[in-house]
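Taking it in order: structure first as structure tokens, then the write-up.
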Amino acid sequence: MDSSLLNFPWLTTIIFLPLAGVFAVLLSDYRNARSSQVIGLVFSSLTLLLCLVVVNMFPGTGEMAFTEAHSWIPSLGAKYLLGMDGISLLMVFLTALLTVLSLIGSWDEFGERSGLFVMLMLSLETGVLGVFLALDLLLFYIFWEAMLIPMYFLIGIYGGPKRFYATTKFVLVTLFGSLLMLLAIAVLAIWHQKQFGAMSFALADLLKVTLPSDIGWYCCLAFLLAFAIKVPMWPVHTWLPDAHTEAPTAGSVMLAGVLLKMGTYGMLRFLIPLFPEVIFSIIPWLLGFSVIAIIYGSLTAMVQQDIKRLVACSSVSHMGFVTLGIFSLTPIGLMGGTVQMVNHGISTGALFLMAGMIHHRTHTRIIDELGGLAKAMPVFSTIFVFFCFSSIGLPGLNGFIGEFLILLGAFSVSKKFTAVAALGIVLGAVYLLWMVQRVIFGPLKGLGAAHGNDSHAAHDSHAPKNSHDDHSHESACVSNEHDLNFREFAALLPLIIGVLYIGIYPTPVIDLARPPVKKILSGYQERLKLDTESTKNKSTIQAPNNKVPQGGEEGTK
Amino acid sequence: MNLAVVFTFLLPLCGALINGFLGQWFRKDSGTVAGTIMFGSFMCALIAFFQNQASPIPSFTLWHWFPISDTYTADMRILVDHLSLTMAVMVTGVGFLIHVFAVGYMDHEAAPERFFCYLNFFVVNMLLLVFSDNLVMMFVFWEGVGLMSYLLIGFWYYKPEAASAGKKAFVMNRVGDTGFVLAIFWLFYYFHTFNILEIAGKVKELPESVVTGITLLLFLAVTGKSAQLPLFTWLPDAMEGPTPVSALIHAATMVTAGIYMVTRNHALFNLYPNDPAHMVILTVGALTALVAAAIALGQNDIKKVLAYSTVSQLGFMVMALGVGCYIQAVFHLLTHACFKALLFLTAGAVIYGMHHEQDMTKMGGLAKRMPMTAACFIIGCLALAGFPLTAGYFSKDAILSAVLLKDHPYAWAAGLLAAVFTGFYSTRAVWLTFFGEWRSSHAPDHIHETPRVMLMPLMILAVLALGAGFAGWPEGSGMLYKYLEVTVKQPELKGHLSMANWLATILPGLIGIALGLFFYARGKSPAPVVALFGPIGNWFVQKLYLDEIYEFLIVEPTKIFAQACYYIGDKAMIDGFLHSWYNVCAFGGSRMRRLHSGHLHATLASFLAGVVALFAYILVRGY
């Protein structure tokens with residue numbers, strides 16, 4: 001490969017291109033909604049295009065690619081370090097894709113207020129991309145917090161009726177965790193200074209720091225709390241249903257699709273490599289909390305009346321699967337967790353987009369006020385059911401690959417937890433299909449808000465039992481004016497392709513995730529060996545079970 | 001890669017895609033397209049069958065599906081052997097006939113292309129399930145047929161009962177499927193492979209407790225898919241789907257997937273034939289056969305009778321699995337596919353002729369108006385009841401005698417009683433539908449013989465229902481046994497039945513028929529006889545109240561628990577905790593704010609107080 005191509009600052013360009021879009025909107029006329037939207041779409045599409053270019057050049061080894069290193073705050077030893085491995089690549093791609101799609105998806109949603117909306121979305125994209133590419137903890141932290149600001153306004157300005165409560169809760173809870181993380185980052189940097197003579201925030205440097213066990217504990221818990229809130233793990237998840245429900249469609253898509261993955265990404269990139277021994281000692285707890293999240297999230301999803309809130313609660317359950325995979329600390333489980341991060345972004349993102357479309361047509365998202373949409377919107381309904389099944393984890397679609405690998409990995413660690421988590425698969429089918437039954441099937445209702453008397457006629461004519469006559473009569477009187485339009489279909493098509501692609505031929509995605517996963521695990525196991533040897537006498541950190549961390553392959557006898 | 005095998009499932013896939021994407025432009029002909037394609041698929045299956053006779057077709061990989069580790073990749077791989085080919089021929093053959101029937105049955109439908117798209121896609125899934133070389137692939141299509149079943153049960157989605165029945169079917173199957181995945185994980189944990197034959201080769205290394213656990217987990221999946229106790233209640237509800245669907249999916253093919261799966265993994269089940277798992281399987285099978293037959297006695301809906309009858313017959317097959325007689329189970333699976341498809345289709349023809357009336361108490365005397373249909377139904381019922389020399393007689397007899405030879409008299413007795421019931425409800429269904437007086441309030445003038453396109457498949461199936469049994473005759477050494485023994489290794493049955501026992505296995509069906517005639521042929525009341533038994537009979541008429549029991553024991557508590565999680569867990573406890581902190585801060589802030597009153601003297605006073613306090617501290621503690 002041409003070395004000038006490799007030396008080009010790809011990652012910086014990717015991160016800041018959306019921010020350039022913000023300035024472009026400002027320089028043109030942000031009060032002109034259409035022009036701002038076009039500019040936003042162009043810049044986010046360019047970012048996506050760049051991601052595609054990077055995918056093509058990506059070497060696919062476990063090492064960081066496209067690294068950039070510049071000095072940034074010399075007095076603190078903070079550097080501008082960027083790098084990309086397979087996991088970050090997947091996340092960056094997902095972010096760029098979902099930004100474009102949610103811009104397309106909410107094209108008609110805000111009318112005059114679109115200018116600011118586009119700017120917020122673009123700055124959100126910059127923040128999130130930075131999180132996935134930063135290799136310096138201070139830089140990471142800044143992106144991590146910077147992304148909160150646009151999200152705060154996205155929910156607070158464009159959200160639903162309870163937006164102020166939701167956005168305040170979201171920001172306060174998240175800030176609480178991340179401020180503790182900032183403290184822990186500072187402690188790590190200071191200990192680096194103690195042990196190596198100079199402050200540093202670079203991940204590679206901080207990996208060499210050995211902390212006294214009590215400080216290690218506190219730092220680990222601080223990181224864990226920050227990431228767990230973001231994921232969110234049970235029991236720090238209650239900000240999520242509120243934020244997702246009140247956020248505008250695009251906000252929900254970004255929240256569920258990308259922002260939650262920042263938590264699991266942080267676990268993979270920082271938490272496990274930095275604090276292997278503490279993590280090892282609390283694995284049963286982490287697995288337990290993940291399993292609780294799976295079951296609990298599904299149960300809470302069952303009782304929801306609002307489609308968006310239902311999907312939001314299901315996110316808790318699905319992210320529970322991701323953390324279950326990650327904390328199984330087996331190659332298979334980690335691979336599954338990574339794939340599931342992508343899957344959840346695709347499926348849940350699509351479901352939020354479609355919930356927004358339902359709201360746009362019927363002015364309600366309350367399940368009981370809806371029904372029989374299949375009649376009036378056949379294409380929409382087909383795609384909606386398709387994404388529900390992808391979320392349920394139907395084999396052949398994307399969700400299955402992730403869940404299967406996760407459970408397979410977790411099985412070699414704990415049979416009991418896996419058996420309970422497998423119940424989550426049943427519950428997933430229960431709440432989603434129940435929702436489908438009430439919203440998509442049955443007699444038509446809910447479109448009345450848009451078309452006064454029309455729906456009454458449609459509703460009455462559903463009463464006769466005789467299906468044949470009923471059907472022909474129905475299809476005659478319901479036109480498909482409510483069905484998907486071209487723009488909406490364009491927003492969903494890439495996600496449909498993604499679902500099928502990962503479901504049928506997931507090898508490329510798994511191959512991207514495998515080398516970094518192996519690297520994380522081998523680093524983890526080496527550190528653990530080193531630490532257990534050095535602290536054997538002190539025995540400050542008691543492993544609760546005396547098992548050696550197991551690789552999946554060790555199952556083979 | 002064998003082209004005949006590939007085209008067997010590729011053709012229906014093309015059919016599904018054509019009808020799915022382009023069908024709306026040739027609605028009226030979508031059934032013809034799907035049926036023609038199924039005929040092609042059936043021919044391909046036959047070609048593959050005979051090719052395999054000439055020289056065995058090797059297994060081949062379609063594509064590498066996903067990597068599990070550096071050394072192992074889960075593949076989409078086709079396993080061709082005698083068992084899978086037998087099943088494939090049955091699936092495509094019966095599938096083809098049902099497609100032809102459906103062309104007539106669905107002709108009033110506004111959007112038949114959706115129906116035929118689903119139906120073709122179901123066949124693809126079923127074929128790939130049968131051809132699966134590894135357990136993950138089998139699971140994929142196991143769920144795939146479940147999906148198609150969900151979509152086809154809910155085909156008339158605007159009927160709330162249909163939508164609800166579809167969901168119920170999918171969810172109850174999922175309960176079983178958790179068993180399947182856990183079994184897969186467990187096997188992978190030991191062998192690091194999903195391949196069925198590899199596992200079969202190494203399976204002896206497993207300790208007995210593990211084998212028992214795995215087989216029980218697999219059997220859990222069987223109880224879901226093949227509608228056994230306690231998970232069978234979805235199948236009667238599934239009758240909400242169009243009748244060709246009931247014939248294809250809920251009688252001939254999908255529900256037998258569980259039987260096929262156990263037979264496919266027979267090496268695992270063969271290992272410890274006397275472990276608790278086999279007792280469980282045998283007991284569940286016998287109980288299901290008996291209970292479902294008893295429930296069928298009390299049903300008035302013609303499709304419900306057939307549905308419970310299917311559950312009961314599946315119970316017989318599971319009994320055979322429980323005593324390790326897989327070929328007998330597959331034999332009954334094949335004959336059952338013929339005669340039960342026949343019964344469902346004739347029932348469909350009756351329902352079609354009656355303009356969607358399914359209640360047998362509102363029929364009667366139809367034999368005069370649709371004699372061919374009546375003849376087909378009677379043949380089906382004779383086979384179902386096990387009338388000597390029909391297909392059902394040979395296969396059911398094979399199972400019952402195997403159970404007795406393996407020394408399980410109680411299961412055998414349960415089977416006999418179930419066979420009496422079978423004869424009884426079959427006779428009742430025949431009599432109420434086709435003989436006696438016309439009982440509906442509408443005039444029967446519009447009722448006429450079934451159209452030819454629907455009658456042809458019926459006649460072919462009727463011939464099979466009469467003759468297919470000879471494939472497995474004589475017992476233990478017939479053509480089918482010889483053919484399947486190559487693939488399925490099962491312990492041989494020792495000894496022979498005495499004449500009295502043999503009589504005991506053929507008589508129950510006849511007794512049942514005789515009793516049925518005794519009660520109904522005299523034309524008294526169409527009401528179920530079990531109702532005469534007071535509360536116990538009523539218990540059966542009400543389907544044992546199983547739905548209500550599940551509602552009370554599982555569904556409602558789950559809902560309440562879910563409500564508790566959300567309203568108590570999320571809202572009251574976690575959010576309450578957060579809000580209380582918010583309130584503490586807000587309260588503290590509002591009090592602190594009073595310090596900043598802006599009055600100069602107050603500020604000075606607090607400053608002074610601070611200075612005094614500081615000095616006091618220094619004086620007390622020293623420097």
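Lettering of chains follows the sequences in order, A, B, ..., and the numbering in each one begins at 1.
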Q: Identify which part of B:Phe139 has an atom lying under 4.5 Å from any heavy atom of chain A, answering side chain, backbone, both or neither.
A: both
(Q) Is A:Val173 close to chain B through its backbone or its side chain, or both, or neither, when contacts mean heavy atoms under 4.5 Å? (A) side chain
Q) Side chains of B:Asp177 and A:Ile425: closer than 4.5 Å at any heavy-atom pair? A) no
Q. Which bit of B:Thr73 comes within less than 4.5 Å of chain A, counting heavy atoms only: side chain, backbone, both or neither?
A. neither
Q) Does atom CZ of B:Phe121 have more than 12 heavy-atom neighbours, drawn from other residues, nucleotides or ligands, at distances under 6.0 Å? A) no
Q.
To check you understand the geometry: which heavy-atom pair defines the closest contact between B:Ala562 and A:Val303, and what is its length?
A. CB-CG1, 3.6 Å
(Q) So does B:Trp65 get a backbone contact from the side chain of A:Thr507, meaning a donor-acceptor N/O pair under 3.5 Å? (A) yes
Q) Does any heavy atom of chain A fall under 4.5 Å from the side chain of B:Trp142, the backbone, both, or neither of them? A) neither
Q. At a heavy-atom separation under 4.5 Å, does B:Lys571 approach chain A through its side chain, its backbone, both, or neither?
A. side chain
Q: Run the numbers on B:Asp575 and A:Lys169 for side chain to side chain contact (heavy atoms under 4.5 Å, CB included), then give the verdict.
A: CA-CA 10 Å; B:Asp575 272 358; A:Lys169 192 175 180 182; 2.9 Å; yes
Q: Against chain A, label B:Leu578 side chain, backbone, both or neither, depending on which of its atoms sit under 4.5 Å from a heavy atom there.
A: side chain
Q: Indicate the ring-plane relationship of B:His579 and A:Tyr165, choosing parallel, tilted or perpendicular according to the 30° and 60° boundaries.
A: perpendicular
Q.
Please find the pair of heavy atoms, one from A:Gln437 and one from B:Pro160, that lie closest to each other, and give the distance.
A. NE2-O, 4.4 Å
Q. Is A:Lys415 close to B:Leu182 at the side-chain level, that is, under 4.5 Å between some pair of heavy atoms?
A. no
Q: Counting only heavy atoms closer than 4.5 Å, note whether A:Val509 contacts chain B via side chain, backbone, both or neither.
A: neither
Q: Identify which part of B:Trp63 has an atom lying under 4.5 Å from any heavy atom of chain A, answering side chain, backbone, both or neither.
A: side chain
Q) Measuring from A:Ile392:CD1 to B:Phe170:CZ, what's the distance to the nearest 0.5 Å? A) 5.5 Å
Q: May I ask you to test the B:Ile574-A:His237 pair for a side-chain heavy-atom distance under 4.5 Å?
A: yes
Q.
Quick check: do A:Thr418 and B:Trp186 have side-chain heavy atoms less than 4.5 Å from each other?
A. no
Q. For A:Ile510, is it the side chain, the backbone, both, or neither that has a heavy atom closer than 4.5 Å to a heavy atom of chain B?
A. side chain
**Q.** Which portion of B:Thr558 sits near chain A, non-hydrogen atoms under 4.5 angstrom
**A.** both
Q: Check whether any side-chain heavy atom of B:Arg174 lies under 4.5 Å from a side-chain heavy atom of A:Val430, and answer yes or no.
A: no
Q. Does atom OH of B:Tyr72 have more than 12 heavy-atom neighbours, drawn from other residues, nucleotides or ligands, at distances under 6.0 Å?
A. yes
**Q.** Results of ring-ring contact (aromatic ring centres under 6.0 Å, His included) for B:His64 - residues two or more places apart only
**A.** none
(Q) Rounded to the nearest 0.5 Å, what separates atom CZ in A:Arg514 from atom CG in B:Asp70? (A) 5.0 Å
Q.
Working to the nearest 0.5 angstrom, can you tell me the gap between A:Ile504 CD1 and B:Phe66 CZ?
A. 13.5 Å
Q. In Å and rounded to the nearest 0.5 Å, what is the CG to OG distance from A:Leu433 to B:Ser164?
A. 11.5 Å
Q. Among A:Val426, A:Leu408, A:Ile295, which residue forms the greatest number of heavy-atom pairs with chain B at distances under 4.5 Å?
A. A:Leu408
(Q) Need one label for A:Trp434: side chain, backbone, both or neither, based on atoms under 4.5 Å from any heavy atom in chain B. (A) both
Q. Most heavy-atom pairs under 4.5 angstrom with chain A, which of B:Tyr582, B:Tyr150, B:Phe561?
A. B:Tyr150
Q | 4.5 Å side-chain heavy-atom contact, B:Val181 and A:Glu403 | A | no
Q | Minimal non-hydrogen separation, A:Tyr296 against B:Cys565, with atom names | A | OH-O, 2.8 Å
Q: Determine whether more than 12 heavy atoms belonging to other residues, nucleotides or ligands lie under 6.0 Å from atom NZ of B:Lys202.
A: yes
Q: Please name the pair of heavy atoms, one in B:Tyr157 and one in A:Ala374, separated by the smallest distance, quoted to 0.1 Å.
A: CE1-CB, 3.4 Å
Q) Do A:Tyr431 and B:Tyr566 make the cut of ring centroids closer than 6.0 angstrom? A) no
Q) How about A:Phe404 and B:Phe188: are their ring centres within less than 6.0 Å of each other? A) no
Q) Which one of B:Ile184, B:Leu147, B:Leu217, B:Val175 has the most heavy-atom pairs closer than 4.5 Å to chain A? A) B:Leu147
**Q.** Spatial distance of atom CZ (B:Phe185) from atom CG (A:Leu407) [nearest 0.5 Å]
**A.** 4.5 Å
Q: Name all residues meeting the side chain to side chain donor-acceptor pair (under 3.5 Å) criterion together with A:Arg438; count only those two or more places apart in sequence or in a different chain, and write none if there are none.
A: none
Q) Which bit of A:Phe176 is near chain B, if near means a heavy-atom gap under 4.5 Å: side chain, backbone, both or neither? A) neither
Q. Shortest non-hydrogen contact from A:Phe441 to B:Ala163?
A. CB-CB, 3.6 Å
